[in-house]
Amino acid sequence: MAGQGFDTKSALVIVDVQRGFCPGGSLPVPRGDEVVPVLNAYIELAQKAGATIVASRDWHPPDHISFRSRGGPWPQHCVRGTPDAEFHPGLRLPPETIVISKAQDPDAEAYSAFEGTQLEAKLKERAVERLFVGGLATDYCVKNTVLDALRLGFEVYLLTDAIRAVDVQPGDGERAIQQMLAAGAKPIKLQDLSG
Ligand code: VGL
Ligand code: ZN
């Protein structure tokens with residue numbers, strides 16, 4: 001037992017667990033859907049402890065700069081208001097979940113859930129000091145969210161059993177994990193919390 005569980009000064013931050021990033025979606029992360037049952041277990045623990053629960057979502061306009069139609073690296077994905085942008089239907093988000101919609105500016109990429117959103121303000125409002133971050137994808141939005149959180153002074157736990165990588169290049173996910181840990185994130189798994 002790590003003794004580092006959820007409390008009222010903690011937030012569970014679930015990054016981009018959307019249909020579009022799961023098998024069958026427009027930008028599928030290999031085995032992306034495997035994070036869903038694990039995150040549901042974290043959600044239960046967080047709820048019991050009175051922690052804040054945040055879910056970010058990629059919420060692009062149809063002409064987003066990251067799309068191939070505009071010379072970007074990605075197929076069109078997670079266009080706001082479409083089924084592809086919905087949270088994975090198996091993810092049991094409680095009604096009080098704070099939903100953060102990101103990367104809405106057509107002309108700017110924004111991988112971090114903090115970039116151009118109210119996330120930092122909402123966490124500060126609740127006096128949250130410690131974040132538990134999981135979701136999709138390890139090598140893009142999870143990485144950038146974790147690195148921003150550390151820069152902003154949050155204590156950050158990386159949920160290593162609730163992340164999956166795109167791995168455009170083999171090893172990208174593993175390198176992203178090493179980068180997050182080197183920057184100060186602490187790795188944690190469900191079994192460390194639930195004993
Ligand atoms: C993401 C690629 C493009 C992510 C978002 O959520 O990790 N990856 N847009
Ligand atoms: Zn995107």
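First listed ligand is number 1; within each ligand, the first listed atom is number 1. The structure presented is a predicted model; accordingly, all values stated were derived computationally and were not measured.
Of all the atoms in ligand 1, the ones that sit under 4.0 Å from a non-hydrogen atom of Cys141 are 1 (C), 4 (C), 5 (C), 6 (O), 7 (O). Listed by number with element, the atoms of ligand 1 under 4.0 angstrom from any heavy atom of Asp16 are 4 (C), 6 (O). For ligand 1, the atoms lying closer than 4.0 Å to a non-hydrogen atom of Phe21 are 1 (C), 4 (C), 5 (C), 6 (O), 9 (N).
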(message) Between His60 and Glu109, does the side chain to side chain contact (heavy atoms under 4.5 Å, CB included) criterion hold? Intermediate values first, please.
(response) CA-CA 9 Å; His60 293 312; Glu109 181 56 291; 4.1 Å; yes
(request) Might you work through the side chain to side chain contact (heavy atoms under 4.5 Å, CB included) test for Val29 and Tyr140, ending with a clear yes or no? (result) CA-CA 11 Å; Val29 175; Tyr140 293 93; over 6 Å; no
(request) Evaluate the criterion salt bridge (Lys or Arg N to Asp or Glu O under 4.0 Å) for residue pair Asp33 and Arg164; output intermediate values, then yes/no. (result) CA-CA 9 Å; Asp33 54 332; Arg164 292 291 183 280; over 6 Å; no
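Put simply, Ile14 and Leu131 are part of two different groups of oily side chains (I, L, V, M, F, W, Y) that touch within less than 4.5 Å, one to the next.
Summary of contacts: the protein heavy atom closest to atom 5 (C) of ligand 1 is Asp58 OD2, 3.1 Å. Protein heavy atom in closest approach to atom 8 (N) of ligand 1: Tyr140 CB, 3.7 Å.
Here Leu136 has backbone heavy atoms under 4.0 Å from ligand 1, and that is the only part of it that gets that close.
Separation of the Phe132 and Tyr42 ring centroids does not fall under the 6.0 Å cut-off.
Taking the Zn ion (ligand 2) as reference, the nearest N/O/S atom within Asp58 carries the name OD2.
Defined by atom type and a distance below 3.5 Å, a donor-acceptor pair is present between the side-chain atoms of Asp58 and His77.
Contact annotation: Gln18 has no heavy atom less than 4.0 Å from any atom of ligand 1.
Residue contacts with ligand 1: His77 is placed with a nitrogen or oxygen under 3.5 Å of a nitrogen or oxygen of the ligand (distance criterion only).
Judged purely by atom type and a 3.5 angstrom limit, Arg126 uses its side chain to pair as donor or acceptor with the backbone of Lys122.
Rounded to 10°, the angle that NE2 of His77 and NE2 of His60 form at the Zn ion (ligand 2) is 90°.
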